[in-house]
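Numbers here simply count residues along the sequence, with the first being 1.
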Amino acid sequence: MTVPDITAAPVQGPGSAPHARALDALAEVSTALGSTSVDQVLSVIARKVRELIGVARCSIYLRDGDSGLFRGRVTDGGAPDMTAYVRRSLAGMPADGMTLELLDTGRPVIVADAQNDPRMIRSNTRFWNIRSIMAVPMVVGERVTGVIYLDDVERPHRFFPADAELASTFARLAAIAVEQAQVCTDLAGKLENAECRVKALRRAAIVDERLSELVLEGAGIETLVQAIAQLHGRPCAVYDVSHTRLSVASPGGADEELVPRLLERPAVGSPEVSAALAGGADARVFVVPPLPDLGIARRHLVAPIHAEGEPWGHLVMMEHRSRFSSSDMITLRRAATLLALQAAIERRAVEADWNGGASLAAELLTRGCDPVTVTRRAARLGVRVDALHAVAVFASRDRAVLADFRAIAAAFAKLAPELRAHTAALGRSVGALIAMPEGADPEAFLGELKDTVAQVCLQAGTDLIAGVSSLRENLEQYADAYDEAKQIVDCLRCFGSPSGPAVFLSRELGLGRVFLATSDPDAVKAFAAEKFGGIVGDESKRDLLATLSCFFENLASVRRCALHLAVHENTIRYRLARIEELTGLAINHDPDAQLGARLSMLVLTLSGCLDPSDLHRRNQREAAAGLKALSVTG
C-alpha cells in the first residue's frame, strides 16, 4: 500500500479539524511535563493518540543514540505485560521496510494487510498479531526522533488519510513535548548530581576536619585508620609498599572479621590484583571490582599513599552495607594525603631517634672504636655499655637485597616500645643492640626476644631472617656478639628455606654455627639428607631423633641421658644402636660420627625439616612417664 498524500487528500472520518483535536489532546500531555518522567509522558501520549485514532493498541519507540535504530519505550492497550516486551525490541533494522520508508519520506506509513505486505517483518507480525498498522513519525525540526505504531490487536483497522494527518499533527506536537521532558529530566539529573556533589564535599570537609585534628594532636596511623572506618562506616586497612598490613579497623557494630582482603594473601599475589594495582598506580583513588575466584566478594576502593614523593603504601576501603559514593572517593583521597603526612612525620621521628643511637650502635658492633669516646657518647644517650645486651642481625635471604633499617627500627618501636633497641645499617644487613631490662631473667628474656625479632621480621619486610647472639656486657664483647649473630644469618642463608624458621638464637645452634657458616652447603646438605633423611621422613622414628637430641644436650653421656629421660641406660644404648644401623654412623663411641650427626641435625633444623621444640616435648613426655612408672613401682 502506498503512503497517503495527507497534504492533498480531503479530510475524512470523524472530526474535520485535526490540528484543533491534536491540540486538545496535547493539553493533558502538557500537564504531565515537569512533574513526571519521560516514560510517563510517553504513556500519556500513547493513550491520547490511541483514543484520537480509535485503535486498540499504541506503541512508541524513541531513537537510540546515533545508530539510526529505535528502541521501544512504552505501549498502551493490548496485553498488560506488553511494555516489557516492547522495551526489549528495536525498530528500523534493514528488514523493517515500513519504518525505513517512514524515515525516507518523513510521513506516516499505512499497511493495510500486514500479514502479506513485504515491508513487514513476518516474525514480528506473527508475534504481535498485527493485521493492519500505521506508523507515524515524531519529528523535531527535520529529524525523526521517534515512531508511533498504531493497530488493532488480531483484527484489521481501516486507517483514513485524515487519521494519518491527525496522528502526524499530534506526533509532531508530542515530539516537542517529549524533547522538553528529556531536557527537564537531564536538568533534574544534573541538579541531583550537583546536590550529591555538594553533600559529598560537605561530608569530605567533616572527615577532613576530624582527621586533620587527629594529625595535629599527634595521633598515629592506627588511630587515623580507626577514625576513617568510623566516619565512613566501612572497613579500612593500611598496607605498606610491600603489602604488609600496618593497621585495620571496622566500623562500630560490624563483625571484627569483616576486613578488607584485597591486599591479603592469596589475593595480593594474583595477576588480577597486580594488574589492578598497576593500572591505578597513577590514580588518586580507583575501584577494584569483586574477584569471586579469589574470595573477594565486594568492591574495594584503593588510594595509593605517597610519602615525600615516594610510594609508601595503600589505603583500602571495602564496600559495606551501601554502595560507594562520590563522597567516599573524595574523603578517601584526602585521608590518604593525611596518612602520607603522618607517615612522613613518623619516618622523620624514627630517623631522628636513629641518628644518635644508630651511630653509637654501629661503633659498638664494629671493632676499632675508641673505648673512652664511645663510653662518653653512650652515657649522653642514656646507654649503659656495661649492662647485658643481645645483638640481633637482620638480613634478606637474598644477599643482593638490602635490609631496610628504617622499617626495622619502626617495627621495634611499634612491637616492643619497652625495649631499648638501637639499630644501624651495617653493609647490606642491619644490626640491633638490644638491652635486657633490669631484673629480667636472662633465659626468659632471650626466649621472648626471639619471638619479638620474629615479629619484627614479619613487620619490617618480606623474606627477612635474623640471628640473635648470647648476652654480652662490655665493649670488647659486642663485636663478638655481632659476629655470632651474623654467623647464624649465614647459616640460614645456606641451609634455611622460605618455609622454615626465620630466626634462631645462638644457644640453639651452639658452636655448630661456626662450622656450618664456613662449610660447603651442598656437601653438608647431601650428607645430612643421606644419613638422616629417611629417619626425619618417618614419623615412627622421630622418638629416636628426640633421644639423640637429648644425648647431645647431655654431653654425649648415656648415663646423663638415661637419668634425664628416666629410663634404663640400656634403653639409650639400644636406641643409639638403632640410629647407627639407620645412618651408618658410630654415634655411641666415635667423636667424628657424633660431630657429623650433630651438624646434620642442625642443618635439618635450619631448613625446617626438624622441629627442636617437638623433640623437646617428646622427651618431656617420656621423662614424665618414666618418673610416674618409678613412683608406682617404688
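No side-chain donor-acceptor contact under 3.5 Å links Thr145 and Arg143. Side-chain atoms of Ser322 and Arg234 include a donor-acceptor pair closer than 3.5 Å. Thr75 and Tyr85 share no donor-acceptor pair across their side chains, judged by distance under 3.5 Å alone.
Summarising the geometry of Ala466 relative to Ile488, their closest heavy-atom pair is O-CG2, 4.3 Å, with the distance given to 0.1 Å. In terms of heavy atoms, Ala229 sits closest to Pro251 at O-CB, 3.6 Å. For Leu315 against Leu332, the heavy-atom pair with the smallest separation is CD2-CD1, 3.5 Å.
With contacts defined as side-chain heavy-atom distances shorter than 4.5 Å, the pair Pro304/His314 qualifies. Side chains of Phe394 and Thr423 form no contact here, defined as non-hydrogen atoms less than 4.5 Å apart. Counting heavy atoms from C-beta outward, Leu263 and Arg245 have side chains that stay 4.5 Å or more apart. Looking only at side-chain heavy atoms (C-beta outward), Trp312 and Val238 come within less than 4.5 Å of each other.
Not one N or O on the side chain of Gln226 forms a donor-acceptor pair closer than 3.5 Å with the backbone of Ala249. Under the 3.5 Å distance criterion, the side-chain polar atoms of Gln230 are matched with a main-chain donor or acceptor of Ser250. Of the possible donor and acceptor atoms, none in the side chain of His422 sits under 3.5 Å from a partner among the backbone N and O of Arg420. Checked by atom type and distance alone, the side chain of Arg71 never pairs as donor or acceptor with a backbone atom of Leu90 at under 3.5 Å. With Arg333 contributing its side chain and Ala303 its backbone, the two residues share no donor-acceptor pair below 3.5 Å.
Within 6.0 Å of the CZ atom in Arg284, the count of heavy atoms belonging to other residues, nucleotides or ligands does not exceed 12.
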Listed pairs under 3.5 Å, donor-acceptor, residues 444-461 side chains, sequence neighbours left out:
residue: Lys450; atom: NZ; partner: Glu508; partner atom: OE1; Å: 3.2
residue: Lys450; atom: NZ; partner: Glu508; partner atom: OE2; Å: 2.8
residue: Thr452; atom: OG1; partner: Glu448; partner atom: O; Å: 3.1

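Residues meeting the side-chain contact (heavy atoms from CB on, under 4.5 Å) test with Ser497, sequence neighbours left out: Ser499. Partners of Arg397 by side-chain contact (heavy atoms from CB on, under 4.5 Å), not counting sequence neighbours, listed by chain and number: Asp463, Ile465, Ala502.
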